[in-house]
Amino acid sequence: MKVTRIEELTKSRSRIYIEEEFAFVLYKGELRSYHIMEGEELAPESYETIMGQVLPKRAKLRAMNLLKSREYTTKQLYDKLKDGGYPERIITEALAYVESFHYTDDLRYAVAYITGHESTRSHRRIEQDLLGKGIDKDTLEKAWQEWEDQGGAQDEQAMIRELLRKRGYNPETADRKEKQRQGAFLLRKGFSGEKVRRAIFGTEGSDDF
């Protein structure tokens, strides 16, 4: 295995390329320890030590340290490790490790997110947020069910009224342009056209949205 390129990332870390393909990121001291030099062969035993011991341990510690400060979805944690330059094989091992201790749990994360935003974000907006964080649709469906089983409920009409109140909306004095402006704002928040029409016009039949 020939080291074809060593690319400095920081003063202490470098990206290592083997046979023109990115392999991993190592600290400068490790380059010396494993005799890694550009244009030279990397000993198979050194490669196995790096991939079998050094990087798995480091990735697991990185994942654990990230989870100390906040909860992550599996996808978010994957992205963090990927950004850190860990190979796929190492990332998979690290994710399996933290999951085995239930440090990551996408269902738990989704239920907690729904609970934390049930009174401030629409159902649709919460779903968009969680899908963007890597929660799959099946897990999302289970999360809503678990949230409901725990007594969770949303009153989106009340949420809309509160948002309009905070924005100083007065249905008695608002002209059509103002109603359309406020309606567009609510639609961007993820509320359905039906609920927005009901709040703005007091009817479900208006076609202004």
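Since the model is a prediction, treat every value here as computed from it, not as a measurement. FYI, the numbering just counts along the sequence from 1.
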Side chain to side chain contact (heavy atoms under 4.5 Å, CB included) between Tyr78 and Thr73, intermediate numbers included: CA-CA 9 Å; Tyr78 170 90; Thr73 66; over 6 Å; no
4.5 Å side-chain heavy-atom contact, [X] and [Y]:
X: Ser14; Y: Leu31; result: yes
X: Val3; Y: Glu40; result: no
X: Leu95; Y: Thr74; result: yes
X: Ile18; Y: Thr4; result: no
X: Ile126; Y: Trp144; result: yes
X: Leu164; Y: Leu186; result: yes
X: Ile16; Y: Leu42; result: no
X: Tyr169; Y: Arg181; result: no

I'd like to know if [X] pairs up with [Y] as an ion pair, taking the criterion as any Lys NZ or Arg NE/NH1/NH2 lying under 4.0 Å from an Asp or Glu carboxylate oxygen.
X: Glu146; Y: Lys142; result: no
X: Glu194; Y: Arg197; result: no
X: Asp129; Y: Lys133; result: no
X: Lys2; Y: Glu41; result: no
X: Arg13; Y: Glu8; result: no
X: Glu162; Y: Arg165; result: yes

Using the rule that two of Ile, Leu, Val, Met, Phe, Trp, Tyr join whenever any of their side-chain heavy atoms come within less than 4.5 Å, decide whether [X] and [Y] are in one cluster.
X: Val54; Y: Met64; answer: yes
X: Val98; Y: Leu81; answer: yes
X: Tyr34; Y: Ile90; answer: yes
X: Trp147; Y: Tyr109; answer: yes
X: Phe22; Y: Met1; answer: no

Is the count of non-hydrogen atoms from other residues, nucleotides or ligands lying under 6.0 Å from [X] atom [atom1] greater than 12?
X: Glu21; atom1: CD; result: no
X: Lys80; atom1: NZ; result: no
X: Lys82; atom1: NZ; result: yes
X: Lys28; atom1: NZ; result: yes

For [X] and [Y], which heavy atoms make the closest approach, and how far apart are they?
X: Lys189; Y: Ser122; answer: O-OG, 3.0 Å
X: Tyr86; Y: Leu55; answer: CE2-O, 4.0 Å
X: Arg124; Y: Phe191; answer: NH1-O, 4.1 Å
X: Ala110; Y: Ala143; answer: CB-CB, 3.5 Å
X: Ala199; Y: Ile160; answer: CB-CG2, 3.4 Å
X: Ser119; Y: Met159; answer: O-CG, 3.6 Å

Do [X] and [Y] have side-chain atoms, one donor and one acceptor, less than 3.5 Å apart?
X: Tyr113; Y: Glu118; result: no
X: Arg58; Y: Tyr27; result: no
X: Glu141; Y: Gln145; result: no
X: Asp106; Y: Thr139; result: no

Can a donor-acceptor pair be found, under 3.5 Å and without considering hydrogens, that links the side chain of Glu148 to the backbone of Ala153?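 Side chain of Glu148 to backbone of Ala153: no pair is present.
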Stepwise salt bridge (Lys or Arg N to Asp or Glu O under 4.0 Å) test for Arg108 and Glu71: CA-CA 10 Å; Arg108 182 182 68 211; Glu71 193 159 10; 2.7 Å; yes
Establish, for the pair [X] and [Y], whether the NZ or CZ atom is under 6.0 angstrom from the six-membered ring centre and no further than 45 degrees off its axis.
X: Arg15; Y: Phe24; value: no
X: Arg167; Y: Phe185; value: yes
X: Arg70; Y: Tyr72; value: yes

Kindly indicate, with the supporting measurements, whether the criterion side chain to side chain contact (heavy atoms under 4.5 Å, CB included) is fulfilled by Gln150 and Val111. CA-CA 10 Å; Gln150 293 173 1; Val111 173; 3.8 Å; yes
Please report the C-alpha distance between Leu140 and Leu131 in whole Å, then the side-chain angles of each, then the deciding distance to 0.1 Å, and finally whether the side chain to side chain contact (heavy atoms under 4.5 Å, CB included) criterion is met. CA-CA 8 Å; Leu140 187 53; Leu131 289 170; 4.1 Å; yes
Can you say whether the rings of Tyr103 and Phe101 are parallel (under 30°), tilted (30 to 60°) or perpendicular (over 60°)?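 Taking Phe101 first and then Tyr103, their aromatic rings lie parallel (interplane angle under 30°).
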Report the C-alpha separation of Asp175 and Lys179 in whole Å, then their side-chain angles, then the decisive distance to 0.1 Å, and conclude whether the salt bridge (Lys or Arg N to Asp or Glu O under 4.0 Å) test is met. CA-CA 6 Å; Asp175 59 16; Lys179 289 180 178 181; over 6 Å; no
Roughly how far, to the nearest 0.5 Å, is the CZ atom of Arg198 from the NZ atom of Lys195?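 If we round to the nearest 0.5 Å, Lys195:NZ and Arg198:CZ are 7.5 Å apart.
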